[in-house]
Amino acid sequence: MLSSVGIGLVILVLILSFLIIYIACLDLKISRQTVEKKIYNLSLFQITFTVLSFFTLIIAFISSDFSLINVYENSHTNKPFFYKIAGTWGSHEGSLLLWVNILVIFSYLFLVFNHTHNKNFRLYTLIFQNILILGFLFFLLLNSNPFSSIYPVPIEGLGLNPILQDPALAIHPPLLYVGFVGCSIYFSAAMASLVSGYSGKLFAISIKTWVKISWCFQTLGIIVGSIWAYYELGWGGFWFWDPVENASLLPWFAITALMHSLIVLEKRNALYSWVIILCLLTFILSVTGTFLVRSGILNSVHTFASDPSRGIYILLFLSFMIFSSLIIFFSKYKKETYNFNLKSREIFILANNWFMAFFLVTVLIGMLYPIFLDVLTSVKISVGPPFFNIVIIPLVVPFMFLMAVGPKFGWIKSKNKIFHKFLILILGAGTINLFIFYFSGKYSLLSNLIFISAIFLILHSLLDLKNFINNRNKLELPRIISHLGFGLLVFFIGINHQFSIEEDFNLKVGEIKKTNTYKISFEEIKIKESKNYKAVIGNFKLTNLKNNLVQNLGPEIRIYSNPETLTYEAAIRTKIHSDLYLTMSNVSRSDYYNIKFQKKPFMIWIWISALMISLGGFVQLTLKKNEN
Amino acid sequence: MLTKKVKKRILFLFSIFLLSAIAIFFIIKSLNRNILYFSSPTEIKQREDIPFGKAMRVGGMVQKGSIIINKKDIQFKVTDFENEILISYSGAVPNLFAEEKGVVAEGRLRDKNFFIADRILAKHDENYMPPEIKEIIKKNVK
């Protein structure tokens with residue numbers, strides 16, 4: 001029953017999309033200043049039906065209606081209630097429905113909230129957005145229908161991959177999707193702007209809120225994914241330069257560049273074409289990432305639910321998007337003349353864009369090179385983390401210096417007066433670095449530079465924060481928070497990287513292992529039964545040899561019943577200055593348990609500073625509301 | 001005679017070109033140094049120019065009954081159903097590591113029969129098989 005309701009709703013949405021495109025095309029020719037009422041109503045219907053179809057799927061998951069293949073494959077009656085709901089977007093089909101939902105929601109909101117802007121621009125945006133909606137709806141119906149039914153109806157479902165049954169991963173896809181699919185609206189707006197000629201400053205104002213919303217959610221989504229990787233995968237790392245992680249990073253670089261150059265377009269009415277390119281690029285990269293991940297072309301440890309037949313459709317649609325956007329861009333391209341002074345804020349924003357483009361190209365090459373090589377020569381290679389670290393990390397140094405200094409310059413032209421303050425701050429940063437270097441051991445020249453530039457950025461942002469407290473110029477606050485967050489992030493990652501301790505060994509129950517700093521004794525194992533898994537919990541007593549502090553950690557081996565899978569749950573003791581991280585695994589029921597013990601300084605601060613970066617964006621969103 | 005404006009523009013374009021060229025040069029250069037080649041046990045046996053001491057990946061199936069665990073490390077044999085190689089690894093293994101399952105190990109060759117891994121790659125999905133291993137199975141198992 002739910003199957004036909006769902007499919008019916010999706011088909012209704014499809015028909016409404018066609019109708020909206022048709023009526024919007026008619027409305028374009030009428031020379032009135034307002035968008036016809038009919039279009040609002042149709043859009044309202046469209047969003048209602050889309051959201052209803054999503055709720056239908058959620059209900060199917062909650063009620064464990066196994067007549068739907070998607071529910072059968074990804075759910076189980078034993079599953080906790082929360083993960084039944086999260087299962088809705090845990091599979092490829094369900095997440096595609098979420099994808100369509102976000103396309104439609106953004107389409108509607110853009111139409112409603114931008115009523116002050118040019119009519120034709122809004123209509124074109126609506127048309128382009130609905131073409132995107134149609135594309136993904138066809139994909140959903142033809143290839144990945146979440147409402148496909150199965151007969152005879154199975155009694156029990158297969159269950160959700162246990163590694164996905166986790167709070168962070170339950171909210172990770174919706175966050176990331178709002179971020180990635182949210183980009184669609186300014187992809188459409190950019191196309192509309194080219195076609196309707198509604199350009200420059202006004203265009204910047206019309207898309208600026210949407211860019212910020214999707215930036216915030218993308219940033220947050222990436223952070224949540226990384227937190228999940230840290231505590232769930234049991235390697236104790238949080239970023240592996242894995243192809244799937246890279247795929248999420250590509251649009252982030254583009255959108256960050258966009259967010260900065262959009263300010264130039266708004267304030268100085270320049271860089272229009274470049275902003276358009278970035279708008280188009282951000283969404284194209286989002287779809288490319290999805291294509292590479294979902295088609296199984298990228299060989300990644302994070303690959304869930306890949307299937308090559310999906311790839312071909314997404315690839316076709318992607319090429320259609322790229323070609324049509326290129327054709328429209330070049331047929332409407334107007335030459336612009338730039339006249340920027342070297343000592344102006346514009347130049348620094350351009351510098352930011354240069355760095356973003358560089359990072360983007362680096363990650364893209366590292367990601368695609370193995371694919372090309374495989375196709376051309378069938379040699380199988382993979383590009384390891386050292387490549388990304390070697391290319392990207394040195395450039396973070398000048399990047400952070402510019403990031404600190406840039407906002408100090410005014411628009412158009414600035415004077416040299418602020419120069420001596422920079423010098424003092426650099427000296428300050430150097431001194432602090434010297435202290436760290438002296439008291440906690442040696443590190444390389446590059447690490448020194450990283451620390452100095454990070455501290456420089458932190459000091460600078462703190463100084464800005466002090467100024468903010470004095471003069472209360474609210475517009476500066478989001479930038480200060482985000483830039484301070486970035487400085488802190490690099491600083492703590494640096495510290496964490498330099499001073500982490502890692503030990504790997506195997507222990508039997510009752511044995512003791514001594515490392516340089518800790519005595520680890522494996523006391524006992526306990527068995528605990530839970531609703532949908534059985535857990536083997538190890539009891540470890542850790543004695544710090546310096547201050548004789550004793551702590552107990554309990555890593556788990558979980559045996560899930562549906563589907564039958566093992567997972568290893570790390571025991572993490574988070575303190576303000578460091579994390580203790582212990583994982584235990586067992587192979588073929590051997591007496592020995594494989595133990596990984598790590599002490600990672602300032603882990604919690606890495607998360608806090610990363611969250612600060614996205615917090616800056618959210619603060620800005622609330623500011624905009626207050627102003628209006 | 002070039003005007004000041006044209007000169008400035010040429011300088012600007014030239015510096016952008018130069019920066020991009022330098023950037024691409026460094027990217028490609030460090031890319032070539034940090035590639036991990038993937039080999040099957042048979043390829044390791046047969047190839048003459050296999051580099052020892054350089055990071056690489058080996059993959060195949062974990063041979064049945066080959067896992068030995070002692071105080072320090074885990075040793076197991078990876079097979080492509082023609083040849084096999086002994087792999088030693090210390091640390092916690094990924095959750096889907098088991099006998100007769102596909103595995104990819106990252107590390108260095110000691111000699112043609114012995115590989116020291118620093119990382120065992122995990123897959124999150126029990127149905128997922130790395131493409132390289134899929135190919136090996138297709139080739140060798142009828």
Side-chain angles (χ1 to χ4, degrees), chain A residues 161 163-164 233-235 296-297 299 301-306 339 354 358 361-362 365-366 369-370 373-374 379-391 395 502 504-508 511 513 557-558 563-568 570 583-588 590-596, chain B residues 5 8-9 12 16 19-20 23-24 26-40 43 55-57 59 62 64-74 76 89-99 104 106 118-119 121-132 135:
Chain A
N161 185 344
I163 213 163
L164 297 177
L233 296 186
W235 300 344
I297 286 180
N299 182 14
V301 297
H302 296 306
T303 308
F304 295 103
S306 68
N339 228 333
W354 187 88
F358 177 83
V361 169
T362 308
I365 291 178
Y369 186 66
L373 207 66
D374 189 14
V379 173
K380 303 240 179 285
I381 61 149
S382 54
V383 176
F387 164 70
F388 299 100
N389 292 338
I390 287 168
V391 179
L395 272 133
E502 192 179 323
D504 294 311
F505 47 87
N506 300 335
L507 280 186
K508 284 183 192 162
E511 285 187 330
K513 164 90 187 177
I557 299 176
R558 285 188 188 165
E564 209 162 288
T565 323
L566 285 182
T567 68
Y568 304 127
T583 43
M584 156 179 110
S585 68
N586 185 273
V587 185
S588 14
S590 138
D591 288 343
Y592 277 110
Y593 287 81
N594 324 109
I595 315 292
K596 186 179 208 65
Chain B
K5 212 173 166 185
K8 222 175 168 181
R9 186 165 299 167
F12 180 68
I16 281 189
L19 275 175
S20 320
I24 298 288
F26 277 109
I27 292 176
I28 301 288
K29 205 174 158 198
S30 50
L31 186 65
N32 282 329
R33 246 183 293 144
N34 292 290
I35 287 173
L36 299 168
Y37 284 93
F38 177 90
S39 306
S40 66
E43 279 169 345
M56 62 182 288
R57 283 184 175 183
V62 179
K64 198 177 176 184
S66 72
I67 302 177
I68 303 165
I69 301 166
N70 60 33
K71 227 177 170 58
K72 248 176 62 202
D73 60 3
I74 306 168
F76 55 95
Y89 170 73
S90 64
V93 294
N95 56 342
L96 293 174
F97 177 85
E99 282 179 5
V104 174
E106 202 173 291
D118 343 296
R119 203 152 82 111
L121 298 191
K123 303 292 157 185
H124 297 343
D125 190 335
E126 84 253 53
N127 302 318
Y128 181 78
M129 180 77 74
E132 293 95 346
E135 247 168 64

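Letters A, B, ... are given to chains in the order of the sequence lines, protein chains preceding strands, and every chain is numbered from 1.
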Open item on the list: Please classify the contact of A:Glu502 with chain B as side chain, backbone, both or neither, using a heavy-atom distance under 4.5 Å.
Closed with: neither
Task: Contact class of B:Lys71 relative to chain A, heavy atoms under 4.5 angstrom - done: both
Task: chain A contact via B:Leu19 - which portion, at a heavy-atom distance below 4.5 Å - done: both
Open item on the list: Under a 4.5 Å cutoff for heavy-atom pairs, which residue among B:Ile74, B:Ile28, B:Asn70 has the most contacts with chain A?
Closed with: B:Asn70
Task: B:Leu31 CG to A:Ile381 CD1 distance, which is reported to the nearest 0.5 Å - done: 6.5 Å
Open item on the list: In the structure I gave you, are the side-chain heavy atoms of A:Asn594 and B:Tyr89 within less than 4.5 Å of one another anywhere?
Closed with: no
Open item on the list: Quick check against the 3.5 Å criterion: does A:Ser585 have a side-chain atom that pairs as donor or acceptor with the backbone of B:Val93?
Closed with: yes
Task: Contacting region of A:Ile390 [heavy-atom separation from chain B under 4.5 Å] - done: side chain
TODO: Measure the CD1-CG distance between B:Ile69 and A:Asn586 for me, rounded to the nearest 0.5 Å.
DONE: 6.5 Å
Task: Which atoms of A:Tyr593 approach chain B - backbone, side chain, both or neither, heavy atom under 4.5 Å - done: neither
Task: Which atoms of B:Ile67 approach chain A - backbone, side chain, both or neither, heavy atom under 4.5 Å - done: side chain
- [ ] Below 4.5 Å from any heavy atom of chain A, which atoms of B:Ile68 appear? Answer side chain, backbone, both or neither.
- [x] neither
TODO: Drop me the distance from A:Phe358's CZ to B:Ile27's CD1, to the nearest 0.5 angstrom.
DONE: 4.0 Å
- [ ] Give, for atom OG1 of A:Thr362 and atom CD1 of B:Ile24, the distance between the pair rounded to the nearest 0.5 Å.
- [x] 8.0 Å
